[in-house]
Amino acid sequence: FNLITSAIYLEESTRNLKNVINLACSNVSLNNFAFPRGFAFHSDITGENKLNRFSFLPSNAHSNSVYGFRAYTSDEIKKVKKSLQEAAQKKQIRPEEGQKATALVEEIFGDKENLQCTNYADQITRANSLIWKKVLPNTGKKINFVYLEQEWIVTRLLIEKHLNEKTTISRIIFDQKSEELLVKYFAGLPEMFSRRDKLGTYLFWAQPKSSKAGNRLRLWKDGNFLVSEDGSYKVELAPEALDRALKSKELIPSVLLTFMVLCFYYGLKCFGGLGQINYLPLLKEAYVKMQKDLGRFESATACAATETDNLGGEVTVALASSKINGTAPATSFDLMIYGTEKTWPTFVEQSKILTLEEAI
């Protein structure tokens with residue numbers, strides 16, 4: 001979707017676009033189906049289209065959240081390059097595919113600046129920017145790809161603008177009746193929480209540094225504290241305590257709180273996949289109703305104008321093909337490994353003739 005968006009501006013000289021900004025959800029596990037822990041590309045060496053995945057991070061870390069996870073090391077880059085070599089020896093990929101992928105790993109993930117990053121998300125942010133530049137055509141127009149963690153943006157906003165100020169967001173976090181109000185207006189909606197059904201979490205997830213398993217903990221409001229189900233983690237609902245926990249990344253804003261801050265309070269128009277464009281309008285409707293019933297008509301009016309149903313994902317234009325089992329959505333590494341001077345013009349042409357239904 002981001003490449004299609006950029007194609008419009010690259011093809012038309014009268015339009016200009018400086019940055020494509022992707023607010024990524026990093027509150028996912030490293031074993032998420034989208035494979036955030038590494039990269040992947042297809043090979044049809046056997047005639048059958050197979051997706052080969054290569055991870056930078058050890059298997060015992062897969063249950064950890066991407067958010068706040070440590071940076072990969074130079075030794076782990078070496079392991080990935082060794083895995084590529086072994087895949088070629090086992091005839092899972094062609095030698096030339098392994099060689100190209102190895103060179104890309106060294107250039108994109110193994111450069112000095114990436115290895116100096118202190119956390120994994122920063123490394124992937126920088127890597128995605130480098131991949132973007134390699135996939136886009138070399139034209140006179142320059143478009144940057146800015147990949148940011150939406151949870152860290154929300155955390156910064158909470159710390160700087162809300163924890164110590166009287167705002168709609170701070171009232172939702174600190175008011176004694178906040179849990180009652182949230183249940184009243186949001187009960188039964190997607191991305192909501194339910195203590196009875198052990199669904200979701202109360203505004204924040206916890207990932208204590210002492211947690212060996214790395215699993216995120218659900219939190220429930222207990223008086224003036226947020227407490228995990230097993231009682232192993234507890235934080236006071238007070239500005240100073242939340243400030244410390246947020247800065248250390250022991251607390252992660254939930255999806256509900258993230259969209260309350262970004263979309264409903266600040267009015268950011270966020271494009272999203274098929275799931276988001278279904279649940280976000282429902283959450284906005286509940287938020288507006290809550291603000292009206294609380295007499296905060298200015299907040300309700302401001303939020304009502306926010307667009308929440310803009311599709312911005314889950315469309316496929318480029319495919320990797322094979323003789324036996326057809327096609328599969330191409331990855332960025334597919335575009336870099338197999339790309340030629342015809343790849344981008346073909347991509348643009350396909351984006352013009354495919355219907356939205358076909359692309360989805």
Side-chain angles (χ1 to χ4, degrees), residues 2-3 6 10 18-26 28 30-32 34-43 51-59 61-62 64-88 93-153 249 318 330-341 343-344:
N2 292 315
L3 289 172
S6 299
L10 290 172
K18 297 290 186 184
N19 303 293
V20 172
I21 302 173
N22 190 313
L23 301 185
C25 176
S26 62
V28 295
L30 288 166
N31 62 1
N32 184 272
F35 198 62
R37 63 184 183 274
F39 64 93
F41 63 90
H42 293 85
S43 179
L51 184 65
N52 299 275
R53 293 179 168 181
F54 299 90
S55 176
F56 295 109
L57 304 171
S59 57
H62 289 183
N64 289 74
S65 171
V66 174
Y67 187 78
F69 196 77
R70 66 163 178 84
Y72 59 73
T73 65
S74 57
D75 285 342
E76 285 166 327
I77 291 291
K78 291 177 184 177
K79 287 180 181 178
V80 169
K81 292 194 288 188
K82 184 179 179 181
S83 296
L84 285 163
Q85 186 179 26
E86 290 172 349
I93 61 175
R94 295 182 179 86
E96 61 269 26
E97 294 165 352
Q99 291 165 8
K100 286 184 178 180
T102 299
L104 288 168
V105 167
E106 184 66 35
E107 178 185 356
I108 295 168
F109 298 99
D111 77 326
K112 184 178 179 181
E113 288 187 46
N114 242 2
L115 292 173
Q116 288 176 339
C117 292
T118 58
N119 64 74
Y120 185 66
D122 284 352
Q123 289 177 317
I124 298 305
T125 291
R126 189 172 183 280
N128 277 332
S129 178
L130 295 173
I131 291 171
W132 179 266
K133 292 174 183 176
K134 294 185 76 66
V135 172
L136 252 63
N138 186 16
T139 68
K141 284 189 176 182
K142 181 183 178 183
I143 302 176
N144 298 309
F145 185 54
V146 186
Y147 196 82
L148 302 171
E149 297 175 282
Q150 60 186 24
E151 293 85 1
W152 183 238
I153 294 172
K249 296 191 175 182
T331 69
S332 59
F333 260 66
D334 286 329
L335 294 173
M336 292 187 294
I337 291 173
Y338 305 115
T340 68
E341 67 278 358
T343 300
W344 182 256

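- Remark: F69 pairs with no residue by the ring pair (Phe, Tyr, Trp, His ring centres under 6.0 Å) rule, at least two apart or across chains.
- Inter-residue side-chain proximity for L3 and F145 is flagged as unmet; no heavy-atom pair is nearer than 4.5 Å.
- Side-chain contact between Y72 and V80: absent, with no pair of heavy atoms (C-beta onward) separated by less than 4.5 Å.
- W132 places a side-chain N or O within 3.5 Å of a backbone atom of I143 that can act as its donor or acceptor partner.
- Looking at heavy atoms from C-beta onward, Y338 lies in side-chain contact with E97 at the 4.5 angstrom threshold.
- Exactly one of E86, E76, E106 qualifies for a side-chain hydrogen bond (donor to acceptor under 3.5 Å, both in side chains) with K81. That residue is E106.
- With a 6.0 Å radius and a threshold of 12 heavy atoms from other residues, nucleotides or ligands, N19 has its CG atom above the threshold.
- Looking only at side-chain heavy atoms (C-beta outward), I124 and Y120 come within less than 4.5 Å of each other.
- Side-chain atoms of E151 come within 3.5 Å of backbone atoms of S26 as a donor-acceptor pair (strictly under, hydrogens ignored).
- In this structure the side chain of I108 reaches within 4.5 angstrom of the side chain of M336, judged on heavy atoms.
- Residues passing the salt bridge (Lys or Arg N to Asp or Glu O under 4.0 Å) test with K82, sequence neighbours excluded: none.
- Taking the side chain as every heavy atom from C-beta outward, I131 and L335 never approach each other to under 4.5 Å.
- Ring-plane geometry between F109 and F333 is classed as parallel, the angle between the planes falling under 30 degrees on a 0 to 90 degree scale with a further cut at 60.
- Ring planes of F41 and F39: parallel class, angle under 30° (limits at 30 and 60°).
- In this structure, N64 and L57 have side chains that are not in contact, with every pair of non-hydrogen atoms separated by 4.5 Å or more.
- Counting only distance, with no hydrogens or angles, the side chain of N144 and the backbone of V146 share no donor-acceptor pair below 3.5 Å.
- Within 6.0 Å of atom NZ in K79, 12 or fewer heavy atoms from other residues, nucleotides or ligands are found, so the atom counts as exposed in its surroundings.
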